[in-house]
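Everything on this sheet refers to the single structure shown next.
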Number of protein chains: 2
Amino acid sequence: MVVTLKEVAERAGVSRSAVSRTFTDGASVSDKMRRKVEKAAQELGYSPNALASSLTTGRTKLIGLVSNNFHNPIFLEVFDQFTRGLQDRGLRPLLVNLTDEVDPANSVRMLRQYSVDGVVVASSTLPPGFSKAFRDAGVPVVHSFGRSSSSPQVHVVGIDNVECGRMAARELVARRYSKVAFLGGPEAATSTQDRHSGFMSELAKHPQIEVACSFADAYSFDAGRREMLRLLNCKPAEAYFCGDDVLSIGALSAILDSGLDVPGDIGIIGLNDMEMARWENINLTTIHQPIRQIVSSSIELMVATLNEPDRYPEARIFPCSVIERGTLRPAP
Amino acid sequence: MVVTLKEVAERAGVSRSAVSRTFTDGASVSDKMRRKVEKAAQELGYSPNALASSLTTGRTKLIGLVSNNFHNPIFLEVFDQFTRGLQDRGLRPLLVNLTDEVDPANSVRMLRQYSVDGVVVASSTLPPGFSKAFRDAGVPVVHSFGRSSSSPQVHVVGIDNVECGRMAARELVARRYSKVAFLGGPEAATSTQDRHSGFMSELAKHPQIEVACSFADAYSFDAGRREMLRLLNCKPAEAYFCGDDVLSIGALSAILDSGLDVPGDIGIIGLNDMEMARWENINLTTIHQPIRQIVSSSIELMVATLNEPDRYPEARIFPCSVIERGTLRPAP
DNA sequence: ATTCAAATTGCAACCGGTTGCAAAAATTTG
DNA sequence: CAAATTTTTGCAACCGGTTGCAATTTGAAT
């Protein structure tokens with residue numbers, strides 16, 4: 001059924017090496033030979049087996065695309081960008097779903113079995129141990145949306161979550177809220193921790209402002225709604241910095257259902273600027289995370305690392321900015 | 001860096017075949033041998049190269065997961081289900097993004113290069129030519145969310161879109177709407193066509209009801225909103241059947257922005273029952289499409305077809321049902 | 001026309017595994 | 001205990017390609 005190099009060689013009346021060479025660029029083949037081979041290949045419908053060639057070249061062009069985040073719509077955009085960007089460079093994403101996976105060793109084994117050329121970890125919640133494990137296995141790694149660091153252990157591309165926390169805090173301060181709170185995602189996620197610490201550190205400069213915080217158990221609508229409903233039962237703050245847009249939207253839904261007004265009674269600022277945030281029936285004020293830039297930079301960094309495996313680890317941090325919409329009251 | 005079978009054989013003092021056999025189940029190995037080999041493998045951190053073995057076995061355990069739908073949040077759930085389901089069966093999804101791709105031949109070539117064992121097409125908008133092209137290339141194919149048919153050319157798993165159209169129509173009829181319309185997705189998609197024809201055929205039984213229809217150019221929020229804004233400028237219908245939830249939400253946003261009330265002034269019924277549809281600030285009445293069942297059935301069918309490549313093509317159709325929420329007025 | 005360097009080609013070994021076959025070892029049977 | 005079976009093991013060829021090396025061809029220079 002499937003045509004092999006040998007058959008093409010026979011039909012063209014040349015050696016197998018000749019056929020191989022016409023299909024690997026940079027190899028030495030005369031024009032005459034190339035034409036002969038291409039004709040035969042055409043007639044037979046031949047296309048080289050990438051996996052077989054990987055045996056000798058050591059390159060599969062397979063990239064593990066690892067994530068544990070299949071419930072935040074923003075990741076659909078992330079996957080879209082990654083798959084297209086990788087395809088455009090002749091690389092193939094092998095999708096790995098790490099939801100519920102706790103042992104990096106399993107993932108390492110799996111990715112080794114398929115001898116991926118590199119691994120992109122696309123997650124802000126996967127413990128750093130996973131990236132490290134891939135690196136230790138000798139596989140080039142880029143952690144997208146990972147924790148920014150001044151001494152990164154692996155390549156990291158993303159945002160400065162601490163700074164985002166500060167930015168959100170400054171925004172609330174500027175609008176003269178006197179009682180604010182952080183509604184974070186899973187407490188174990190580095191992104192949550194960093195956003196939290198930035199938020200707190202900025203507010204520490206304003207001791208007259210009352211601060212509270214709590215955590216939803218996932219970056220999801222339901223978790224955000226549930227947590228906000230709980231908060232509304234006690235004494236809610238005047239404004240919340242939610243650790244993620246999807247949390248914000250859940251919180252928003254809880255507030256509106258309680259008959260309160262946004263931003264009249266309670267203000268909300270999110271983070272990510274997902275597509276939905278600008279939908280007119282949501283209209284969320286949020287901090288924009290430059291997804292496309294992060295993804296395309298991650299891909300560039302991966303490609304560079306494939307060509308230079310011992311490349312020194314670096315962190316690439318992209319700036320975020322506040323997108324003002326309708327869920328915070330205006331500054332005076 | 002990477003440990004091979006030969007090294008394990010040497011360390012264990014046995015032949016390469018012995019090592020190979022301990023790692024392929026069903027092969028003949030004594031307990032003593034197995035222990036010796038496993039010890040050596042353990043010490044060296046060996047795990048077999050799936051790609052190399054695929055050369056002789058003809059099986060890569062790679063499944064092409066092909067889609068062109070990276071803008072409808074429902075597909076994030078679809079990808080989640082597929083990746084987990086495939087992983088659980090020891091299969092690996094190779095993600096292929098066919099956005100903007102028009103020539104099936106390219107995709108076929110690509111999937112052949114990586115010798116995937118099978119292809120799952122997950123899309124309701126990809127032209128049937130793609131599935132056919134994969135089949136003609138001799139690759140087992142399952143088209144999930146494809147067009148249901150009484151004489152399927154390839155395996156199809158999904159819903160009966162014509163029946164869904166009828167169901168939506170019956171729902172509107174029961175609620176005594178006298179002027180209704182279909183707001184479909186891309187006109188070229190078979191899913192749009194079928195939903196449309198079902199809708200029209202049912203309404204043909206009620207000649208006193210006025211019917212209109214129009215099409216958005218994508219299954220997306222923006223397209224739905226844009227089209228509904230246009231419709232509001234003319235003389236809108238009393239109730240709309242939108243070809244998809246995300247379209248419905250876009251339409252909803254346009255209606256609310258125009259100061260009209262839902263369901264007071266205009267009713268909406270969607271299709272899919274995506275997670276967001278039940279969010280309290282959306283609360284969309286819609287037709288539930290059983291995603292999980294479709295995905296898991298697709299995977300089962302794929303696995304079965306891998307074991308029996310000449311399996312006769314079949315269509316697996318799952319029933320849908322109306323989920324009543326808040327965007328249609330109650331029946332009298 | 002010769003000489004010499006450069007470009008092209010084929011041979012054969014190799015990548016990391018699997019597997020049919022026959023030899024060797026273990027087990028059962030008489 | 002020997003013979004007959006069954007199980008286990010290793011050899012060697014093969015899967016579909018790539019690549020170093022030497023032989024051959026081509027082309028330029030003399």
Side-chain angles (χ1 to χ4, degrees), chain A residues 1-38 40-41 44-62 90 109-117 138, chain B residues 1-38 40-41 44-62 90 109-117 138:
Chain A
M1 186 74 225
V2 58
V3 188
T4 74
L5 176 133
K6 199 173 87 177
E7 305 173 55
V8 177
E10 278 164 7
R11 171 176 265 256
V14 302
S15 75
R16 291 164 43 211
S17 344
V19 180
S20 172
R21 285 186 181 110
T22 49
F23 284 97
T24 48
D25 38 26
S28 161
V29 231
S30 68
D31 284 3
K32 188 150 59 93
M33 171 68 83
R34 157 158 281 127
R35 273 195 300 278
K36 248 194 306 185
V37 171
E38 277 174 348
L44 261 39
Y46 169 76
S47 65
N49 181 330
L51 270 22
S53 74
S54 84
L55 265 190
T56 35
T57 61
R59 285 271 185 118
T60 54
K61 302 193 169 194
L62 248 27
R109 182 146 19 84
M110 196 256 103
L111 288 164
R112 271 253 279 263
Q113 283 188 349
Y114 283 88
S115 23
V116 296
D117 287 349
Chain B
M1 187 71 225
V2 56
V3 188
T4 73
L5 176 133
K6 200 174 88 176
E7 306 173 56
V8 177
E10 279 164 6
R11 173 176 263 254
V14 302
S15 77
R16 289 165 39 203
S17 345
V19 179
S20 172
R21 284 196 259 259
T22 50
F23 284 97
T24 50
D25 39 25
S28 162
V29 232
S30 69
D31 284 2
K32 188 150 57 95
M33 172 67 83
R34 157 157 280 126
R35 272 194 300 277
K36 248 196 304 188
V37 171
E38 278 175 347
L44 261 40
Y46 169 77
S47 66
N49 181 330
L51 269 22
S53 75
S54 84
L55 264 190
T56 37
T57 60
R59 286 269 185 119
T60 54
K61 301 194 167 193
L62 248 27
R109 182 147 19 84
M110 195 255 104
L111 288 163
R112 270 253 278 265
Q113 284 187 350
Y114 283 89
S115 24
V116 295
D117 287 348

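Letters A, B, ... mirror the listed sequences (proteins, then strands); counts begin at 1.
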Please report, rounded to the nearest Å, how far the [atom2] atom of [N] is from the [atom1] atom of [X].
X: B:Met33; N: C:dA24; atom1: CE; atom2: P; result: 16 Å
X: B:Asp25; N: C:dT18; atom1: CG; atom2: P; result: 11 Å
X: A:Gln113; N: C:dT18; atom1: CD; atom2: P; result: 11 Å

Name the pairs: protein N/O against N/O of nucleotides 11-17 of chain C, kept only if under 3.5 Å.
unit_1: C:dC11; atom_1: N4; unit_2: A:Ser17; atom_2: OG; d: 3.0
unit_1: C:dG16; atom_1: N2; unit_2: B:Ala52; atom_2: O; d: 3.4
unit_1: C:dG17; atom_1: OP1; unit_2: B:Asn49; atom_2: N; d: 3.3
unit_1: C:dG17; atom_1: OP2; unit_2: B:Leu5; atom_2: N; d: 2.7
unit_1: C:dG17; atom_1: O5'; unit_2: B:Tyr46; atom_2: OH; d: 3.3
unit_1: C:dG17; atom_1: O5'; unit_2: B:Asn49; atom_2: N; d: 3.4
unit_1: C:dG17; atom_1: N7; unit_2: B:Arg16; atom_2: NH2; d: 2.8
unit_1: C:dG17; atom_1: O6; unit_2: B:Arg16; atom_2: NH2; d: 2.8

Q: Report the residue (B:Lys32 or A:Lys32) whose heavy-atom-nearest nucleotide on DNA chain C is the more 5′ of the two.
A: A:Lys32
(Q) Working note: A:Val14 + A:Val19, criterion side chain to side chain contact (heavy atoms under 4.5 Å, CB included); need CA distance, chi angles, decisive distance, verdict. (A) CA-CA 8 Å; A:Val14 302; A:Val19 180; 4.0 Å; yes
How long is the straight-line distance from [atom2] of [Y] back to [atom1] of [X], given to the nearest 0.5 Å?
X: A:Glu38; Y: A:Asp31; atom1: CD; atom2: CG; value: 9.5 Å
X: B:Thr57; Y: B:Asp117; atom1: OG1; atom2: CG; value: 8.0 Å
X: B:Arg21; Y: B:Ser15; atom1: CZ; atom2: OG; value: 6.5 Å

(Q) Students often get this wrong, so: under 4.0 angstrom with heavy atoms, is A:Ser30 touching a base, only sugar-phosphate, or nothing? (A) sugar-phosphate
Q.
So B:Val29, base contact, sugar-phosphate only, or nothing? Heavy-atom distance under 4.0 Å.
A. sugar-phosphate
(Q) Quick check against the 3.5 Å criterion: does B:Thr60 have a side-chain atom that pairs as donor or acceptor with the backbone of B:Ser54? (A) no
Q: Evaluate side chain to side chain contact (heavy atoms under 4.5 Å, CB included) for B:Leu62 paired with A:Leu51, printing each intermediate quantity in order.
A: CA-CA 11 Å; B:Leu62 248 27; A:Leu51 270 22; 4.2 Å; yes
